[in-house]
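These notes concern the structure reproduced below.
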There are 2 protein chains.
Amino acid sequence: MVKITDVARHAGVSPSTVSYALSGKRPISAETRRRVEEAVRRLGYRPHAGARALAGGRSKVLAMVVPLRAGINVPVVMRFAVSAVTTARRYDHDVLLLTQEEGEEGLRRVVDMALVDGLIVMDVQLDDPRLALLRGLDRPSVMIGFPADSKGLTCIDLDFKAAGEACVEHLARLGHRVVALVGSPPEVYVRGTAFAQRVVQGFTAAADRGRLTSAVHPCEPTPAAARAVAAQLLREQPALTGVVVHNEAALEPLIDAFEELGLRVPADLSVTAICPDELAASLRVPVTSIALPADEVGARAVELLMRKLDGKPVPEATSLSPRMTERGSTAQRAVA
Amino acid sequence: MVKITDVARHAGVSPSTVSYALSGKRPISAETRRRVEEAVRRLGYRPHAGARALAGGRSKVLAMVVPLRAGINVPVVMRFAVSAVTTARRYDHDVLLLTQEEGEEGLRRVVDMALVDGLIVMDVQLDDPRLALLRGLDRPSVMIGFPADSKGLTCIDLDFKAAGEACVEHLARLGHRVVALVGSPPEVYVRGTAFAQRVVQGFTAAADRGRLTSAVHPCEPTPAAARAVAAQLLREQPALTGVVVHNEAALEPLIDAFEELGLRVPADLSVTAICPDELAASLRVPVTSIALPADEVGARAVELLMRKLDGKPVPEATSLSPRMTERGSTAQRAVA
DNA sequence: CAACAACGTCGAAGCGCTTCGACTGGCGAA
DNA sequence: TTCGCCAGTCGAAGCGCTTCGACGTTGTTG
């Protein structure tokens, strides 16, 4: 194993100089730095993570808490995760993966062991049991999602309430008077998952404000469930002309189902979704949608955490404004 | 922070005794051990990960290399991952998440830094560029999947070739003479992803052996693609009566598409799949399938790695025999 | 032109843990 | 009775790194 003393010897300086040259925490002459970097390259030096963590008090590892609970859309969650990992690497950090089973105890464990410097917490619930723990921890954390009470925490997410509202308002503007929200699987609501609840709030509030007739239906993430929900919606609301879909897995089958039921999109039915742009744009009928900016959220979560690790102030709440892209699945309501 | 000296003081012993009491590497009297464990509990002692790694030469962290490449089924891959994490925890280890962008360089990096003790490598390709690296590394690794040449490596996976064969043989036994394989997305084959190629090999070999007429079609993981493939198959092979599906995302839409095209499953068309049992069992038409035992594979991969870390010998290849469950999607071929 | 900042570098002291060698009492074998 | 052993414990020596204080050297500035 190549250690810092090897580098020091090859560069003709002391180990502490090597350390300072690499960390930049003290001024080092350009010439010395060059020789150190040269030696690092020649020898393939890599600082020992444990030694560095012990001496420096920083492990350069972040914990990512990814509870892959029932009903969540795994591909979407993993987009956040991959983006976070990529961004962490840009800050020379690695990412430790924590899953559900570990639970709150696991968070405390990795912090107490000084295994990680900070935490990224995903799949936040309105009344999340991890909140108290995170507030009490002596390590910074960032949540992806807003719990009911985010006081003293750092949170970031798409403004899902505004997203739900924007969808309804878009439909209302096009003349639609009877609208429905096809949401996440029921388990997600039962748990009180923050983002799902907020979409419902926004959807309902905007519909009430606009005096629209509205309905909300959870939906399992399968084609069969999508078909069933489509049929049910039309049965309950034959006058339905606008649908908001907040369920990535159900979006495509749902549109297919509506068309099989004799409704053309957008001629007879306008559909808008909250989902990643790639998905909305790739469908047979490109869907007007509010982008779910998973990459941006994951990246910014890490950036916030890095700022906190540097002792810099960060906003408690970072709420990304919804951005709608009109694609072809929404149209003026046909006058009967 | 609670450190080992604190525990030692409270238990009335020396730090080294605490260390031995906790690691079991030297005999310690029952009474002393009791007092140490008591002190650990009272104080909430957690050994400092960095210090432990530095002194002990083991970080108790495993790297999991999860390249979420185009065309892979993310939920399935994450089942492996979650199972691996859970099992690692049972061995008191944590898991570091490495993604694609880091590439081979990332593997070397985390090993050189002594950040991880071993590696779990997923999404293996027949001619995987990481092979040489893994062979040369001075840390053990386990691959989930078999490359073309696995000499000197430790690999585990479902025997996908046998799985492909078993599906065909099952159909042949039921009298089917014209069969098709609906496979993974094209990118997966282009990359030479090991498991996908092996299914094709097994499928083709068994079909040839049984003198069946056969065809292989990749399929994108979308309902639209599934419909298109279904239509194309029937156009090219009107006599088709048996289908093997190796594509989780396309399975349900594919069955729907066949039925829309006028074929009843299993009366007119027998369908069998290679996928997780939960998926096969949950469909409207429960599908006869070869189980993809993601949980078992993930868990056993970690167990193999642990054995290697202990210096114990492990088999180079662990190939899990396919296990078929008949569900309702396959039937004797109707005599025309 | 003296006094005093930086600047650039070094040596030494730890960070918290594991592990090695050594020591102390029994206890069975010789 | 003595020797050797083993169980059970301790002290000290690191593991490889960061960081603190110190010490020349140059430049600045009143």
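A, B, ... follow the sequence lines: proteins, then strands. Residue 1 opens every chain. Bear in mind that the values here come from a model prediction, so they are computed numbers and not experimental data.
Checked for salt-bridge contact, B/Glu38 and B/Arg42 meet the test: a charged N lies under 4.0 Å from a carboxylate O. Using a 4.0 Å cut-off between charged side-chain N and carboxylate O, A/Arg35 and A/Glu31 make a salt bridge. Between A/Asp149 and A/Lys151 there is no salt bridge, since none of the side-chain N atoms of the basic residue sits less than 4.0 Å from a carboxylate O of the acidic one. By the 4.0 Å N-to-carboxylate-O rule, B/Arg89 lies too far from A/Glu105 to be salt-bridged with it. Between A/Arg109 and B/Asp92, none of the side-chain N atoms (NZ, or NE/NH1/NH2) sits under 4.0 Å from a carboxylate O, so this pair counts as no salt bridge. Using a cut-off of 4.0 Å between Lys/Arg side-chain N and Asp/Glu carboxylate O, B/Arg9 and B/Asp6 are scored as salt-bridged. No salt bridge links A/Asp157 with A/Arg300; every basic N to acidic carboxylate O contact stays at or beyond 4.0 Å.
Set against C/dG16, C/dG11, D/dC10, the side chain of B/Val13 has D/dC10 as its closest nucleotide. Considering only side-chain atoms of B/Ser16, the nucleotide from D/dA12, D/dG16, C/dG16 that sits closest is D/dA12.
Using a 3.5 Å distance cut-off with no hydrogens or angles, the side chains of A/Asp117 and A/Ser59 do pair a donor with an acceptor.
Contacts between residues 49-58 of chain B and DNA chain D, defined by a heavy-atom separation below 4.0 Å, involve B/Leu54, B/Ala55, listed by number. Near-neighbour residues of DNA chain D inside residues 17-37 of chain A, defined by a heavy atom below 4.0 Å, number-ordered: A/Ser19, A/Tyr20, A/Lys25, A/Arg26.
For the pair A/Asp6 CG and D/dG16 P, the computed distance is 9 Å after rounding to whole Å. Separating the CG atom of A/Asp112 from the P atom of C/dG16 is a distance of 14 Å, rounded to the nearest angstrom. Put simply, NZ on A/Lys3 is 4 Å from P on D/dG16, counting in whole angstrom units. Straight-line distance from the CD1 atom of B/Ile4 to the P atom of C/dT19: 11 Å, rounded to whole Å. Atom-to-atom, NE2 of A/His48 to P of C/dT18 comes out at 13 Å; the value is rounded to the nearest Å. Rounded to whole angstrom, the span from the CZ atom of A/Arg9 across to the P atom of C/dT9 amounts to 19 Å.
Shown are A/Thr154, A/Ile120, A/Leu134; of these, the side chain to side chain contact (heavy atoms under 4.5 Å, CB included) with A/Met143 is made only by A/Leu134.
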